[in-house]
Amino acid sequence: MKVRVRYAPSPTGHLHIGNARTALFNYLFAKRHGGDFIVRIEDTDIERNVETGIESQLSHLKWLGIDWDESVDKPGEHGPYRQLERLEIYQQYAETLIEKGLAYKCYCTSEELAEEKEALKKAGHDKLHYSRKCLGLPDQDKPHTIRFKVPDKTEYTFNDLVKKAVTFKSEDIGDWVILKRNKIPTYNFACAVDDHLMEISHILRGEDHITNTPRQLMIFDAFSWERPTYGHMTLIVNENHKKLSKRDESIIQFIEQYKNLGFLPQALFNFIALLGFSPKSDDEILDKAELIGLFDESRLSSSPAMFDKEKLHFINNRHIKKLSDEALLELCLPYLNKAGIGKDETDDWFESLIKVFKDRLVYGAQIVELYRDFFEHPFKIEEEALTFIQQDGVRNLLETFKSKLEQAENIDPDTIKSHIKAAGKETDMKGKMLFMPIRISVSGTMHGPDLPQMMNLMGKKILIDRLDKTIGMI
RNA sequence: GGCCCGUUGGAGAAGCGGCUUAACUCACCAGCCUUUCACGCUGGCAUUCACGGGUUCGAAUCCCGUACGGGUCACCA
C-alpha cells in the first residue's frame, strides 16, 4: 500500500508553528517512505474562514521548503481538495448512514441541548451525553442535524505510532453530530470520509486530536473501510509547560513573523523537526535532506516538546554562519535600509559590517540592534571594563594610540593594526594589556567583534571622541 | 469531574530489563589556540532517572498506587 499522508489546515489564519510542525512531519514521513504528501483544506467552519487563509498557509509552507504532491493548486486524482467543494459527498455518505440505521436526524435546538446538558451537570453526571430523544422519531420537515448513533459497548483500540496501544470506550462518547444544521459536515465526519476517499495511509497529527480518533474510527468501521494508521505527536509547550496558545505572547508563534525577522527557512525547518523528534545523530544542525534521511517515526517522543527559544536562536545562528557573505548581506540589507543605516556608505563598508557581526548574528533584523549597540548608543563603559583600565600604563597607552590615530591618513583594518602595534612598542604594553584597553576605549565593553574591523567601521571621528572620553575617566 | 497522556542535570533531550559508573545539544566553568575579542578545539558539570510499594539474579527501563503537570470532553478544526 502506497504511503499517502496529508496536512489538513483550516484556512482561519496564518501558518502557526504547531501546524507547521504537523505539516513538516507528514512531509518528512512521506519523503522518507517515498510516498505522497497532500494538503487538504478543511474549511467547513464558514464563520471562521479567512479570505487569504489558504494562500497564506500554502505560501509559508513553501517558504519553509515544504512542497506537496496534491492540493488545490495542484490537483491529483483525489480532488477536490477543499471540503466546501465536496459537500455533496458528505451529504451522500451521511444519508447512507441513516439508511443503514447508523445515524439519525436530530431536531433539537441548541437551546434545548444546552438545557439538557445543564440538567445533567446539576444531577452530578460526568458524561454529558446527548439523550437520544430524537432517535426513532418519524421524519419531519424541520431543520435538523444528523447524529451518528454510537455503538453500544464497543472498544476502539488503535496502535498509535507514538503512544502505542490506546483504547477508548464507546460509552464515553455520546451520539455526535456528523452533519450540521447548515448541511455542512463536522470535522470528524468530513475528515474520516476524506481520509478514506483520498486513500490516506498514515495520519500524523497533534496529540490534541487523540480523542477525535475513536469518532473517526467509528466512521471507518460503519462503512467497513480499512482504518489508516494514526500517530499522535506530543504537544508543543511553552516554558510553563502549557500548550502553545495563539494568544501566548512570550513566544513568537507564526512562521510569517519569523520570516519577517530574518530567520532562515532552513533553520526553522531544522528547529521544528526537533520538536518532539530526536534523530539518531549527535549533530543537531541538519538540513532538509539529512532530516528526511534520518526521519524515523519510532523516534517520535511521547512526552511534551518544549519550545526552547534559546535553541532556536542557536540553530539559526549556526545556519547564518553557513551562509556566504553575499547571501548574508542580502538577508540583512532590507533591515539596514529601513533603519537608515549606512545610507552614504560603499559596498565595501556593508561587506565588512556583515563580516564583523556574522559570528554573533542570530537573525537578520538583529543586525540593526547590533550595529546600534556598538556604534550609535551613547558611549558608556561597563563596570568590569572600567576597573580594567584603571591599571598602570593604560592612560599613557591610550594617549599614544590616540595621537597616532589623529595623524593617520586612512584607518583601514591593517593600518589600525599597525598603529596598535606601534603604540604597544612605544609604551611597552602587549597582549591583553595592549588590546583590551583599546577595545574598551572604543566599545565600552570587554567583549565584542574583531577590533581593527570594528574600528574601521566606526570611523575616525567617533574613535577619537571615545578615546577622549575614556582617557577622561581614568 | 470522566476519559487520555506525561514526569530523566541549570535548560532541551537520548536511553525503554544487564553493553549506562545515564548519550548528545544549549548554558556555565577550566585549559589550549589567537599579542585583545570572538570562532574553534579539549576537559569538567545527574552516584542518579517525581515519590512509595511490587516483579526480577538484575529496573531510569515492567506492574500497582500516590503526587504533580498537561490534553480533551461543540451543530470549532
Side-chain angles (χ1 to χ4, degrees), chain A residues 8-12 19 42-45 47-49 83 106 108-110 113-114 117 121 124-129 143-147 160 162-163 166-169 171-174 176-188 190-191 205-214 232 234-235 237 239-243 274-285 299 301-315 318 321 356-360 417 420-421 424 429-440 443 445-454:
Chain A
S10 59
T12 52
N19 291 132
E42 307 213 329
D43 52 357
T44 54
D45 186 350
E47 307 276 302
R48 292 204 308 161
N49 285 342
Q83 292 187 325
C106 171
C108 297
T109 62
S110 325
L113 293 170
K117 213 166 247 184
K121 216 183 228 172
H125 285 86
D126 285 324
K127 295 172 186 170
L128 312 178
H129 295 168
H144 60 269
T145 62
I146 296 178
R147 280 183 190 273
D160 193 278
V162 182
K163 309 282 178 188
V166 181
T167 301
F168 289 92
K169 297 188 191 69
E171 47 270 46
D172 292 328
I173 298 168
W176 50 285
V177 173
I178 58 174
L179 211 64
K180 299 184 256 188
R181 191 168 286 255
N182 60 9
K183 309 263 191 246
I184 294 177
T186 57
Y187 162 73
N188 282 120
C191 185
R205 51 175 26 165
E207 194 184 331
D208 48 345
H209 281 288
I210 202 159
T211 49
N212 286 143
T213 309
H232 290 90
T234 67
L235 261 14
V237 298
E239 326 34 9
N240 302 319
H241 302 277
K242 293 264 197 315
K243 176 185 174 185
L274 263 22
L275 250 25
F277 169 68
S278 48
K280 204 169 177 52
S281 147
D282 280 353
D283 197 355
E284 293 189 317
I285 304 301
R299 296 183 66 84
S301 170
S302 64
S303 55
M306 171 88 70
F307 188 100
D308 187 352
K309 244 185 286 186
E310 299 301 318
K311 196 128 202 175
L312 204 209
H313 289 178
F314 163 74
I315 290 177
R318 289 293 299 268
K321 284 185 194 164
V356 162
F357 289 120
K358 192 172 187 174
D359 271 351
R360 51 194 351 110
K417 204 159 188 180
I420 293 176
K421 276 185 187 169
M429 299 285 251
K430 56 184 172 189
K432 195 166 186 167
M433 283 308 292
L434 200 211
F435 281 80
M436 193 51 82
I438 295 176
R439 173 177 289 284
I440 293 169
S443 72
T445 160
M446 296 177 74
H447 313 271
D450 183 76
L451 195 50
Q453 291 277 359
M454 174 171 64

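In what follows, chains carry the letters A, B, and so on, assigned in the order in which the sequence lines appear, proteins first and then strands, with residues in each chain numbered from 1.
Spacing of P atoms, G70(B) relative to A59(B), comes out at 33 Å, to the nearest Å. The P atoms of U21(B) and C49(B) are separated by 14 Å, rounded to the nearest whole Å. With both ends at atom P, the span from G52(B) to A60(B) equals 13 Å, rounded to whole Å. Taking atom P in both U47(B) and U8(B), one finds a spacing of 15 Å when rounded to whole Å. Of the C1' atoms belonging to G6(B) and U61(B), the separation is 16 Å, rounded to the nearest Å. A gap of 11 Å separates the P atoms of G18(B) and C62(B), to the nearest Å. Separating the C1' atom of G17(B) from that of G58(B) is a span of 8 Å, rounded to the nearest Å. For the C1' atoms, the distance linking A38(B) with C19(B) amounts to 41 Å, nearest Å.
For the atom pair Q453(A) CD and K417(A) NZ, the distance stands at 9.5 Å (nearest 0.5 Å). Interatomic distance, C108(A) SG to R181(A) CZ, rounded to the nearest 0.5 Å: 8.5 Å. One distance of note links CZ of R205(A) with CD1 of I210(A); it measures 9.0 Å at 0.5 Å rounding.
As a whole-Å value, the separation of K311(A) NZ from G10(B) C1' is 14 Å. Between the CG atom of L235(A) and the P atom of G70(B) there is a distance of 12 Å, rounded to whole Å. Distance, K163(A) NZ to C5(B) P: 8 Å, rounded to whole Å. Straight-line distance from the CZ atom of F307(A) to the P atom of A11(B): 19 Å, rounded to whole Å. Atom-to-atom, NE2 of H129(A) to P of G1(B) comes out at 17 Å; the value is rounded to the nearest Å. The CG atom of N188(A) sits 11 Å away from the P atom of C75(B) (whole-angstrom rounding). Note: CG (N49(A)) to P (C76(B)) measures 12 Å, nearest angstrom. Rounded to an integer number of Å, the gap from CD1 of I184(A) to P of C75(B) is 15 Å.
Distances from the side chain of M306(A) to the nucleotides A74(B), G12(B), G70(B) place G12(B) closest. For R181(A), the listed nucleotide lying nearest its side chain is C75(B); candidates were C75(B), G70(B), A77(B). In the set G70(B), U72(B), U7(B), the nucleotide with an atom closest to the side chain of K242(A) is G70(B). Closest to the side chain of D126(A), out of A11(B), G1(B), C75(B), is G1(B). The nucleotide whose nearest atom lies closest to any side-chain atom of P304(A) is, among G6(B), A77(B), C4(B), G6(B).
Both E207(A) and R48(A) sit near RNA chain B, but only E207(A) has its closest nucleotide nearer the 5' end. Each of L113(A) and E284(A) was assigned the nucleotide of RNA chain B with the nearest heavy atom; the assignment lying further toward the 5' end belongs to E284(A).
Between the side chain of D308(A) and the base of A13(B) there is no donor-acceptor pair of N/O atoms closer than 3.5 Å.
Looking at heavy-atom distances under 4.0 Å, T167(A) makes contact with sugar-phosphate atoms alone, never a base. K183(A) comes within contact range of no nucleotide atom at all, as no heavy-atom separation falls under 4.0 Å. Backbone-only contact: A305(A) has heavy atoms under 4.0 Å from sugar-phosphate atoms and none from a base. Among the heavy atoms of the strands lying under 4.0 Å from T145(A) is at least one base atom, whether or not backbone atoms are also near. T109(A) comes within contact range of at least one nucleobase, with a heavy-atom separation under 4.0 Å. As judged by a 4.0 angstrom heavy-atom cut-off over every strand, N212(A) is placed among the base-contacting residues. Within the 4.0 angstrom heavy-atom criterion, no nucleotide atom of any strand lies near S443(A). Residue contacts shown for C108(A) include a base, since a base heavy atom lies under 4.0 Å away. Within 4.0 Å of S301(A), counting heavy atoms only, lie sugar-phosphate atoms of the nucleic acid but no base atom.
In this structure, the side chains of I438(A) and L451(A) come closer than 4.5 Å at one or more pairs of heavy atoms.
Counting only distance, with no hydrogens or angles, the side chain of R439(A) and the backbone of P449(A) share a donor-acceptor pair below 3.5 Å. Side-chain atoms of T186(A) come within 3.5 Å of backbone N or O of V177(A) as a donor-acceptor pair. Looking only at distances, a side-chain donor or acceptor of D160(A) sits under 3.5 Å from a matching main-chain atom of H232(A). Side chain of N182(A) to main chain of I184(A): a donor-acceptor pair is present (N/O by atom type, distance under 3.5 Å, no hydrogens or angles). K180(A) contributes a side-chain N or O that, together with a main-chain N or O of T44(A), makes up a donor-acceptor pair within less than 3.5 Å.
For A77(B), neither phosphate oxygen OP1 nor OP2 lies less than 4.0 angstrom from any side-chain nitrogen or oxygen of T12(A). In terms of phosphate contacts, K121(A) brings no side-chain nitrogen or oxygen within less than 4.0 Å of OP1 or OP2 of G1(B). Close to A74(B), at under 4.0 Å from its OP1 or OP2, lies no side-chain N or O of S110(A). Residue T186(A) has no polar side-chain atom (N or O) positioned under 4.0 Å from OP1 or OP2 of C75(B). Look at K180(A) and you'll find a side-chain N or O under 4.0 angstrom from OP1 or OP2 of C76(B).
With sequence neighbours left out, R299(A) forms a side chain to side chain contact (heavy atoms under 4.5 Å, CB included) with F277(A), S278(A), K280(A), D296(A).
Ionic pairing of R318(A) and E284(A) is not present here: no N-O contact between side-chain nitrogen and carboxylate oxygen is shorter than 4.0 angstrom. The pair K163(A)-E207(A) meets the salt-bridge criterion, since a charged nitrogen lies less than 4.0 angstrom from a carboxylate oxygen.
Between the side-chain ring of H209(A) and the base of A77(B), a stacking contact exists by the 5.5 Å and 30° definition.
There is a side-chain donor-acceptor pair under 3.5 Å between N188(A) and N212(A).
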Exercise for the section: Produce a footprint string for nucleotides 27-44 of chain B: one letter per nucleotide, 5' end first; B if the base is under 4.0 Å from any protein heavy atom, S if only the sugar-phosphate is, - if neither. Expected result: --------BBBSSS----
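For RNA chain B, the stems formed by at least three consecutive Watson-Crick or G-U pairs, with both atom-pair distances below 3.5 Å, span B:1-7 with B:67-73, B:10-12 with B:24-26, B:28-32 with B:40-44, B:50-54 with B:62-66.
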